[in-house]
Number of protein chains: 4
Amino acid sequence: MFINLDFESKEPIYVQLIHQIIEGIAKGKIQPGEALPSVRSLAADIGINLHTVNKAYQHLKQEGFILIHRQKGVVVNPEGVPEADDAYRDQLKSKLHPLIAESICRKVSEQEFSELCSQLFTEFNEGKGGK
Amino acid sequence: MFINLDFESKEPIYVQLIHQIIEGIAKGKIQPGEALPSVRSLAADIGINLHTVNKAYQHLKQEGFILIHRQKGVVVNPEGVPEADDAYRDQLKSKLHPLIAESICRKVSEQEFSELCSQLFTEFNEGKGGK
Amino acid sequence: MFINLDFESKEPIYVQLIHQIIEGIAKGKIQPGEALPSVRSLAADIGINLHTVNKAYQHLKQEGFILIHRQKGVVVNPEGVPEADDAYRDQLKSKLHPLIAESICRKVSEQEFSELCSQLFTEFNEGKGGK
Amino acid sequence: MFINLDFESKEPIYVQLIHQIIEGIAKGKIQPGEALPSVRSLAADIGINLHTVNKAYQHLKQEGFILIHRQKGVVVNPEGVPEADDAYRDQLKSKLHPLIAESICRKVSEQEFSELCSQLFTEFNEGKGGK
DNA sequence: GTGGTCTAGACCACG
DNA sequence: GTGGTCTAGACCACT
């Protein structure tokens with residue numbers, strides 16, 4: 001797997017896991033319909049507890065990223081992730097808010113900020129082309 | 001004060017405080033050199049614990065946003081906030097990373113994302129003009 | 001067959017099967033005395049495990065909905081389903097209890113609730129008239 | 001507390017807990033804004049694990065029944081429970097569906113069913129008057 | 001003292 | 001073998 005965790009980070013492990021999997025989907029490393037490792041095997045792979053993996057999976061399921069079949073295991077939502085709605089946009093805005101506030105204080109220009117975003121977007125889409 | 005806390009939020013109160021003060025600086029509501037309320041009075045104003053305010057102030061001092069004089073009290077750093085360095089840019093990038101990943105999954109175009117950022121930047125700068 | 005399963009559902013497949021067959025009987029799509037597919041053929045039809053179908057059939061037999069003859073196969077109870085007794089009424093009540101509690105919390109009026117039930121009753125009986 | 005669990009039941013404990021709390025709200029035993037016991041104390045009271053209580057609380061929080069303050073503890077949503085929307089009505093319908101199907105098979109008349117519901121509604125509302 | 005997180009180990013239902 | 005549930009015990013962040 002492509003999972004890469006930082007056990008020293010303040011960010012909870014299950015949150016990191018969520019982000020890593022979302023990034024995997026964003027980059028096309030895992031395609032809709034594709035299977036994810038079982039809770040147990042992923043936990044063993046990464047060397048963490050199965051409950052931690054489960055917590056991440058449950059969250060991703062609730063957000064519509066994945067489906068959890070009781071017996072068959074876990075797959076990326078074959079219909080794709082639910083598109084952005086107003087609730088998501090509000091949430092995104094409120095997460096960007098403090099980042100932009102601090103950037104302004106630190107004299108990061110809007111242009112530089114925009115370029116940084118652009119760079120990240122490109123990074124994801126390149127991964128998509130190749131895989 | 002312009003502090004606006006959400007006690008239901010998952011975000012710790014001291015973090016919200018930090019963000020609110022940084023936003024106040026970004027919008028020019030509080031200028032470099034200007035004084036901030038003392039730990040005690042701010043805590044009393046908002047109705048939260050002394051320690052919580054103190055924790056926020058300590059963090060802001062650490063980051064160079066404010067100075068804490070034992071007698072004179074708290075002031076916004078008169079020399080302005082330290083400009084962005086590579087460490088800050090890395091940190092900013094790592095915070096944007098998961099946001100952009102999810103946006104891509106949810107079919108938010110780079111353009112829409114960029115416009116959202118632009119909108120937030122404008123919002124801050126308008127506050128600056130008027131105060 | 002008229003069986004319609006949701007493999008993504010949290011509801012176990014054998015439970016869904018039970019419900020579907022009961023609904024078939026309620027709507028008159030399958031009449032008392034009528035034969036049901038064998039365990040093997042139904043399993044093959046739907047593409048699920050033998051054991052799963054068997055579990056559903058055993059449950060239905062236990063409840064008096066169907067009879068399972070070793071040779072003749074499976075038939076809907078020709079004498080009709082056992083009528084409601086106190087045990088059944090208690091069970092029904094305990095299943096309705098949490099539904100009604102939540103409905104009250106969510107400001108669903110007794111009238112609206114009643115109309116919803118009425119609508120479902122009608123739905124079943126219409127199926128009965130036509131078949 | 002008014003919590004009453006059946007440890008022999010097939011129903012998971014955390015689900016029973018959810019139902020009991022919702023019923024408490026429906027009956028007005030716990031009012032909007034009122035505090036619920038802490039995860040630990042409730043777990044100790046009932047004699048179950050704190051994680052089980054937490055799971056129930058998390059679910060209730062997600063459904064809008066309660067608010068969880070990080071430090072202050074748990075309170076019933078002071079703004080009341082979110083009113084029924086179409087999603088809830090669909091869900092309610094799909095839960096009533098199998099109940100009504102079986103009732104029809106067992107020759108429970110629509111009237112009898114309706115009276116049973118009415119009786120349950122009354123039961124809840126009486127609790128409300130008195131408390 | 002509160003909830004949040006993580007670990008560990010166990011049993012069960014399902015298919 | 002899969003996820004679901006429950007228990008138990010530990011540490012941490014927050015206030």
Side-chain angles (χ1 to χ4, degrees), chain A residues 5 7 9-17 35-44 46-59 61 66-75, chain B residues 5 7-17 43 46-56, chain C residues 5 7-17 43 46-56, chain D residues 5 7 9-17 35-44 46-59 61 66-75:
Chain A
L5 301 178
F7 293 93
S9 166
K10 177 185 168 177
E11 195 101 51
I13 294 181
Y14 85 97
V15 174
Q16 292 184 48
L17 235 187
L36 259 56
S38 78
V39 172
R40 284 178 167 75
S41 67
L42 183 53
I46 313 181
I48 61 177
N49 190 282
L50 90 178
H51 290 111
T52 309
V53 176
N54 194 44
K55 191 164 186 176
Y57 275 6
Q58 289 299 333
H59 189 93
K61 166 189 161 195
I66 64 175
L67 301 179
I68 301 182
H69 295 250
R70 240 194 220 277
Q71 319 309 336
K72 284 188 277 178
V74 182
V75 298
Chain B
L5 301 179
F7 292 93
E8 323 294 342
S9 165
K10 177 182 169 175
E11 196 98 52
I13 292 182
Y14 85 97
V15 173
Q16 292 184 49
L17 235 186
I46 316 183
I48 60 178
N49 196 296
L50 282 179
H51 301 342
T52 310
V53 176
N54 196 44
K55 191 163 187 175
Chain C
L5 301 178
F7 292 94
E8 324 293 341
S9 166
K10 176 182 170 174
E11 196 100 51
I13 293 182
Y14 85 96
V15 174
Q16 293 184 49
L17 236 186
I46 316 182
I48 61 177
N49 195 295
L50 283 178
H51 302 341
T52 309
V53 177
N54 196 45
K55 191 164 187 174
Chain D
L5 301 179
F7 293 93
S9 165
K10 178 185 167 177
E11 196 100 51
I13 295 180
Y14 84 97
V15 173
Q16 293 183 49
L17 235 188
L36 260 56
S38 78
V39 173
R40 283 178 167 77
S41 68
L42 183 52
I46 314 182
I48 61 177
N49 191 283
L50 90 177
H51 289 111
T52 308
V53 176
N54 194 43
K55 191 165 185 174
Y57 275 5
Q58 290 298 334
H59 188 94
K61 166 189 161 195
I66 63 174
L67 301 179
I68 302 181
H69 295 249
R70 240 195 221 275
Q71 320 309 336
K72 284 187 275 178
V74 181
V75 297

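Note that the structure is a prediction, hence the values are computed from the model and not measured. All heavy atoms count here, side chains included; hydrogens, waters and symmetry mates do not.
Checking E:dC14, F:dG9, F:dT5 against the side-chain heavy atoms of A:R70 singles out E:dC14 as nearest. Minimum atom distance to the side chain of B:N49 is reached by F:dT15, of the listed F:dT5, F:dT2, F:dT15. For D:H51, counting side-chain heavy atoms from C-beta on, the closest listed nucleotide (E:dT2, F:dG4, E:dT5) is E:dT5. The side chain of D:Q71 has F:dC14 as its nearest neighbour among E:dG4, F:dG3, F:dC14.
Counting heavy atoms from C-beta outward, A:I48 and A:L17 have side chains that approach closer than 4.5 Å. Contact check for D:V75 versus D:H69: side-chain heavy atoms found under the 4.5 Å cut-off. The closest side-chain heavy-atom distance from A:I13 to A:N49 is not below 4.5 Å. Side-chain contact between D:R40 and D:V53 is absent, with no heavy-atom pair separated by less than 4.5 Å.
Look at CD on D:Q16: it is 13 Å from P on F:dT5, rounded to the nearest Å. Atom CG in D:L17 sits roughly 19 Å away from atom P in F:dG4 (whole-Å rounding). Per the geometry, CZ belonging to C:F7 stands 9 Å off P belonging to E:dG15, to the nearest Å. One atom, OH of D:Y57, and another, P of E:dG4, lie 12 Å apart when rounded to the nearest Å. When rounded to the nearest whole Å, the span between CG of D:L50 and C1' of E:dG1 equals 13 Å. We find that CZ of D:R40 is positioned 13 Å from P of E:dT5, with the value rounded to whole Å. If you measure from atom CG of A:L67 to atom P of F:dG3, you get 13 Å, rounded to the nearest angstrom. As rounded to whole Å, 16 Å separates atom C1' of F:dC14 from atom CD of B:E8.
Taken from NZ in B:K55 to CG in B:L50, the straight-line distance is 14.5 Å, to the nearest 0.5 Å.
Under 3.5 Å, the side chain of A:H69 and the base of E:dC14 form no donor-acceptor pair of N or O atoms.
Nucleotides of DNA chain E nearest to A:I13 and D:I68 differ in position, and the one nearer the 5' end is that of D:I68. The nearest heavy atom of DNA chain F to B:V15 and to D:P12 marks one nucleotide each, and the one closer to the 5' end goes with D:P12. Position along DNA chain E of the nearest nucleotide to A:E11 versus D:L36 favours D:L36 as the more 5'-ward residue. When each of A:P37 and D:T52 is assigned the nucleotide of DNA chain F bearing its nearest heavy atom, the one mapping closer to the 5' terminus is A:P37.
The residue D:Q58 sits close only to the backbone: its heavy atoms come under 4.0 Å of sugar-phosphate atoms, none of a base. D:I48 comes within contact range of the sugar-phosphate backbone alone, with a heavy-atom separation under 4.0 Å but no base atom that close.
Side-chain nitrogen and oxygen atoms of B:K10 include none within less than 4.0 Å of the OP1 or OP2 phosphate oxygen of E:dG4. Put simply, A:K55 has a side-chain N or O that comes within less than 4.0 Å of OP1 or OP2 on E:dT5. Between C:Y14 and the phosphate of E:dC14, there is a side-chain N or O to OP1/OP2 separation shorter than 4.0 Å.
The pairing partner recorded for E:dA13 is F:dT2, the criterion being a Watson-Crick or G-U wobble arrangement whose two distances lie under 3.5 angstrom.
Under a 3.5 Å cut-off, the side chain of C:E8 and the backbone N or O of A:I68 do not form any donor-acceptor pair.
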